[in-house]
S.K.: 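Encoded as structure tokens, here's the structure I'll be asking about.
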Number of protein chains: 2
Amino acid sequence: MTAPLGSALRISVMRLSRRMRQERTEGLSASQVAALATMERQGPLSLGELAALERVQPPSMTRVVTGLVDAGLAERTPHPTDRRQVLVSVTESGRQLLAADRRRRDEWLAERLRELPQKDLEILRAAAPILDRLAGT
Amino acid sequence: MTAPLGSALRISVMRLSRRMRQERTEGLSASQVAALATMERQGPLSLGELAALERVQPPSMTRVVTGLVDAGLAERTPHPTDRRQVLVSVTESGRQLLAADRRRRDEWLAERLRELPQKDLEILRAAAPILDRLAGT
DNA sequence: TATTGTTATACTCTATAACTATA
DNA sequence: TATAGTTATAGAGTATAACAATA
């Protein structure tokens, strides 16, 4: 009896994610916002580590980071002991952009959530951590 | 009280959708699979209608469709009354590919669903249509 | 000699502009 | 003259290969 649920859930999740993705950030690509968010979450990282976390090759991440640095949202600093490595981190300006971005996205969803009955909200509240577990690590 | 739920739900949905997207189809781009699925769902469409539904420009859809036609998954037929238009539709081979693709994706999810307690499955079953309503039309 | 990041180059996907055929 | 689709061309984004600096 899990097959029909799987199918329905997959379609619902993909449809909602596509809709959410349309709520985009002006001036920055999705890869750039994602990289910036990872920097904020993880703290200073080497460029290679960031590339691995974002599942792109180092040359691609070099480009993404260069764009963020040029926009003043991230910065490169030398690694304290290994001078081959470059540490990348989010700047205060980048932090502000991420916060504004999250507010804006949450707002779109929150508006729709306000239209739902209390019972549905409780179901969603219970469902969120389960969806998380399905996504795995 | 809806803001924290909105944030949590957004992260969960996006994370799961990213994970689902990794279960890709060999040899076809995401746009091609999406266009093929729309053709199947809507029946024969003009190329322009399909481009509008998929939110891409007509020249982009020309390329996508050409790839699908070359692979034998879709076909172009002349419009019965307006010879400027081209109707595109999925072939039997395309239908089979879509079915196999769905089975494979469902399988990945179904496997993870089998590990969940009955209570969680019921929550997800109730949540799916609510997520759908959030996505809108 | 191995590793980290960058530069050089190419491929995919999508876009806009110009063109052809038809209405 | 307007519309549907295609072809020509350009711009993102990401990849692999070659290179420079450092371990």
Side-chain angles (χ1 to χ4, degrees), chain A residues 14 17-18 21-22 24-39 42-71 73-90 101, chain B residues 14 17-18 21-22 24-39 42-71 73-90 101:
Chain A
M14 293 308 288
S17 76
R18 260 197 304 276
R21 202 181 307 273
Q22 288 178 11
R24 293 203 56 234
T25 305
E26 287 293 324
L28 286 186
S29 72
S31 328
Q32 286 178 318
V33 176
L36 203 59
T38 298
M39 282 182 216
Q42 303 276 353
L45 288 161
S46 76
L47 188 134
E49 288 171 330
L50 181 57
L53 283 170
E54 292 295 314
R55 309 265 189 169
V56 298
Q57 294 302 309
S60 304
M61 190 49 73
T62 291
R63 275 189 66 120
V64 168
V65 167
T66 297
L68 292 172
V69 170
D70 288 352
L73 303 170
E75 59 188 355
R76 288 184 170 93
T77 51
H79 190 284
T81 61
D82 185 343
R83 285 192 298 167
R84 290 173 307 179
Q85 293 187 37
V86 176
L87 293 183
V88 293
S89 53
V90 63
D101 183 57
Chain B
M14 294 308 288
S17 76
R18 260 198 302 275
R21 200 183 309 274
Q22 287 178 10
R24 293 200 59 234
T25 305
E26 286 293 325
L28 286 185
S29 72
S31 329
Q32 286 177 318
V33 176
L36 202 60
T38 298
M39 283 181 216
Q42 303 275 354
L45 290 160
S46 77
L47 188 134
E49 289 171 329
L50 181 57
L53 284 171
E54 292 295 313
R55 311 265 189 169
V56 297
Q57 295 302 311
S60 305
M61 190 49 73
T62 291
R63 274 191 65 118
V64 169
V65 167
T66 298
L68 292 172
V69 169
D70 288 352
L73 303 170
E75 59 188 356
R76 288 182 169 93
T77 51
H79 189 285
T81 64
D82 186 343
R83 284 192 299 166
R84 290 172 306 178
Q85 294 188 36
V86 176
L87 294 182
V88 292
S89 53
V90 63
D101 184 57

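Remember, predicted model here, so these are calculated numbers, not experimental data. A note on names: the letters A, B, ... follow the listed sequences, proteins ahead of strands, and every chain is numbered from 1.
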S.K.: Do you know which two heavy atoms are closest between B/V64 and B/S31, and how far apart they sit?
M.R.: CG1-O, 4.1 Å

S.K.: For B/Q32 versus B/G67, what's the shortest heavy-atom pair and its separation?
M.R.: NE2-CA, 3.7 Å

S.K.: Between the side chains of B/E54 and B/T38, is a donor N or O closer than 3.5 angstrom to an acceptor N or O?
M.R.: yes

S.K.: Would you give the length of the straight line joining atom CG of B/L50 to atom CE of B/M39, rounded to the nearest 0.5 angstrom?
M.R.: 5.0 Å

S.K.: Indicate yes or no: at least one non-hydrogen side-chain atom of B/H79 is less than 4.5 angstrom from one of B/V86.
M.R.: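 A side-chain contact is absent here, since even the closest heavy-atom pair is not under 4.5 Å.
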
S.K.: Earliest and latest nucleotide of DNA chain D, 5' to 3', sitting under 4.0 Å from a non-hydrogen atom of chain B?
M.R.: D/dT3 to D/dT7

S.K.: Which atom pair, heavy atoms only, marks the closest approach of B/P58 to B/L47?
M.R.: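 Result for this residue pair: O-CD2, 3.7 Å.
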
S.K.: Using a 4.0 Å heavy-atom cut-off, write out nucleotides 6-16 of chain C from 5' to 3' as B (base contacted by protein), S (sugar-phosphate only) or - (no contact).
M.R.: BB-----SBBB

S.K.: Looking only at heavy atoms, what is the nearest atom pair of A/A51 and A/M61, with distance?
M.R.: CB-CB, 3.8 Å

S.K.: Of all the heavy-atom pairs spanning B/D101 and B/V33, show the shortest one and how long it is.
M.R.: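 Heavy atoms of B/D101 and B/V33 come nearest at OD2-CG1, 3.8 Å.
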
S.K.: Restricting to non-hydrogen atoms, name the atom on A/L87 and the atom on A/P80 that form the minimum distance, rounded to 0.1 Å.
M.R.: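 Closest heavy-atom pair between A/L87 and A/P80: CD1-CD, 3.9 Å.
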
S.K.: Report for the helix from C/dT1-D/dA23 to C/dA23-D/dT1: angle between first-end and last-end helix axes, five pairs each, rounded to 10 degrees.
M.R.: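 For the helix from C/dT1-D/dA23 to C/dA23-D/dT1, the axes at opposite ends meet at about 20°.
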
S.K.: Whether the B/R76 and B/S89 side chains hold a donor-acceptor pair (N or O, under 3.5 Å, no angle test) is what I'd like checked.
M.R.: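 Note: B/R76 and B/S89 side chains miss the donor-acceptor criterion.
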
